[in-house]
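Here is the structure we will look at.
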Amino acid sequence: MTDYQRIILVHYHEIGLKGHNRASFETRLQKNLEALLAGYPVVTIHRISGRICVFLREGTGWDTAVEASELARGVPGVARVSSGFKCERDLDVMVDAAERAMREAGEFASFKVAARRNHTDFAVGSMDMNRIIGAKLCAAFPEAEVRMKGPDLMVGVEVVQNASYVYARSRPGIGGLPVGSSGTVMCLLSSGIDSPVALWRLARRGAVCVGVHFSGRPQTSDESEYLVDDIARVLERTGCVARVYVVPFGDVQREISLLAPPSLRVILYRRLMFKVTGRLAAYEHAGALVTGESLGQVASQTLENIRATDAAVDLPVFRPLIGTDKLEIIAQAEELGTFAISSQDAPDCCTLFMPRKPETHAKLADVLKAEEALPIDRWVEELAAAAEPHDYACPAYRAPKRPR
Ligand code: ATP
Ligand code: MG
């Protein structure tokens, strides 16, 4: 049996709609895939007429190819991933390769051939290829029927300049835009369920995401920091997180709890978190803050409190989960692989020094008045300076070089 070179064909659609930006988006996606697939036996990655083709090393097994294509599916900007073979431009060889790809793709009761001739120096046109290859595959799989609408298996055949690509296994990707095509955002990352999902939503829209985690250290253990690191390691597999700043927040929280009215504590903590994040945003040239808040989910997530916290910063604050139900968020976190980590308990800074009855409808004037008694600007500078950066694999990210 001939050993064909395995390929993974990455399809994207949204990028195709972006007019003159298209070339830079394609380059970005290609670079992201190159870096993220570095752990796999990849020979090279090329762009071919509206797709990106990943060529795997000769001798690469099916399991490895599937693993690499599963990873590619989760990379922002990828609409679909197909796996198959590169082979000669010879109809019999193409049929043979298609047969192999079909057997590997698993059970199917119906199929359809979708041939495409990208180079007119091949004598047989797309329609004829469909007919000829389809007929031969019918003979090879007599129990399967050919179905034009909604077949179980779509067999792709593409003829390019010096070769042809044949594939059968095909799975949807997460879509969106390649990370690095929409600027940088700062994501407030607790070790909870919601904020990693919020971050991922922005990454899928092409933003480079820099996380900021406020730890209760030294007033609590550093457990939440380990959970956030575990979460970031999951997100970095698909290039969705660039860096996470860990801010030891416990001492300042304690001071606030001693100096400020108890009911306003939570709002004051949160405003300070926003201000520190805003300060780090300036350093990172980030254009927005992102939180995992969802309207009404907990006492602090009311319209009034949102207004009072937003007023702490000049930057826009994005809340991609504001209208999302908890069950939907959980489902997405499970799919991402962060849910099990987020479900572990860790004392984070928010559980620390919690008042018995937090204000649910804070008035901005009262909050500003309470802040007048506190050295907010000094704290912001000190906390931003104390923030510890942890870097993750995000091919589009360049860490700032200047001093903070
Ligand atoms: P999550 O599951 O994301 O923690 P939550 O439902 O527990 O959200 P809150 O604890 O009120 O809600 O937090 C709301 C948002 O504030 C979080 O989604 C996150 O963006 C931010 N946040 C909360 N605590 C921290 C923290 N310790 N460090 C950084 N950001 C935080
Ligand atoms: Mg939380």
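We use all heavy atoms of the structure for the numbers below, so side chains are in, but hydrogens, waters and symmetry mates are not. As the structure lists them, so they are numbered: ligands from 1, and atoms in each ligand from 1.
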Enumerate the atoms of ligand 1 whose separation from the nearest heavy atom of [X] is less than 4.0 angstrom.
{"X": "Gly192", "result": "1 (P), 2 (O), 4 (O)"}
{"X": "Glu293", "result": "14 (C), 15 (C), 18 (O)"}
{"X": "Gly292", "result": "17 (C), 18 (O), 20 (O)"}
{"X": "Val212", "result": "29 (C)"}
{"X": "Arg270", "result": "13 (O), 14 (C), 15 (C), 16 (O), 23 (C)"}
{"X": "Thr291", "result": "20 (O)"}
{"X": "Ile193", "result": "2 (O)"}

Q: Answer yes if the side chains of Arg80 and Ser170 hold a donor-acceptor pair under 3.5 Å, and no otherwise.
A: yes
Q. Does Arg243 have any side-chain hydrogen bond (donor to acceptor under 3.5 Å, both in side chains) partners at least two apart in sequence or in another chain, and if so, which?
A. Tyr245, Glu284, Asp391, Tyr397
Q) Do the non-hydrogen side-chain atoms of Arg51 and Glu158 ever get within less than 4.5 Å of each other? A)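 Contact flag for Arg51/Glu158 side chains = yes.
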Looking at non-hydrogen atoms alone, which of [options] comes nearest to [atom]?
{"atom": "atom 20 (O) of ligand 1", "options": "Val197, Leu188, Val276, Val246", "value": "Leu188"}
{"atom": "atom 3 (O) of ligand 1", "options": "Cys187, Ser191, Ser195, Pro196", "value": "Ser195"}
{"atom": "atom 9 (P) of ligand 1", "options": "Arg319, Gln301, Glu225, Lys326", "value": "Gln301"}

Q: Kindly state whether the ring of Phe108 and the ring of Phe141 have centres lying under 6.0 angstrom apart.
A: yes
May I have the list of side-chain donor-acceptor pairs in residues 175-186 shorter than 3.5 Å, sequence neighbours left out?
residue	atom	partner	partner atom	Å
Ser181	OG	Pro178	O	2.6
Ser182	OG	Arg205	O	2.6

Q: Describe, in one word, how the ring planes of Phe85 and Tyr4 are oriented to each other, choosing from parallel (under 30°), tilted (30 to 60°) and perpendicular (over 60°).
A: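 It falls in the tilted class, 30° to 60°.
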Q) How many angstroms lie between atom OH of Tyr165 and atom SG of Cys53, to the nearest 0.5 angstrom? A) 5.0 Å
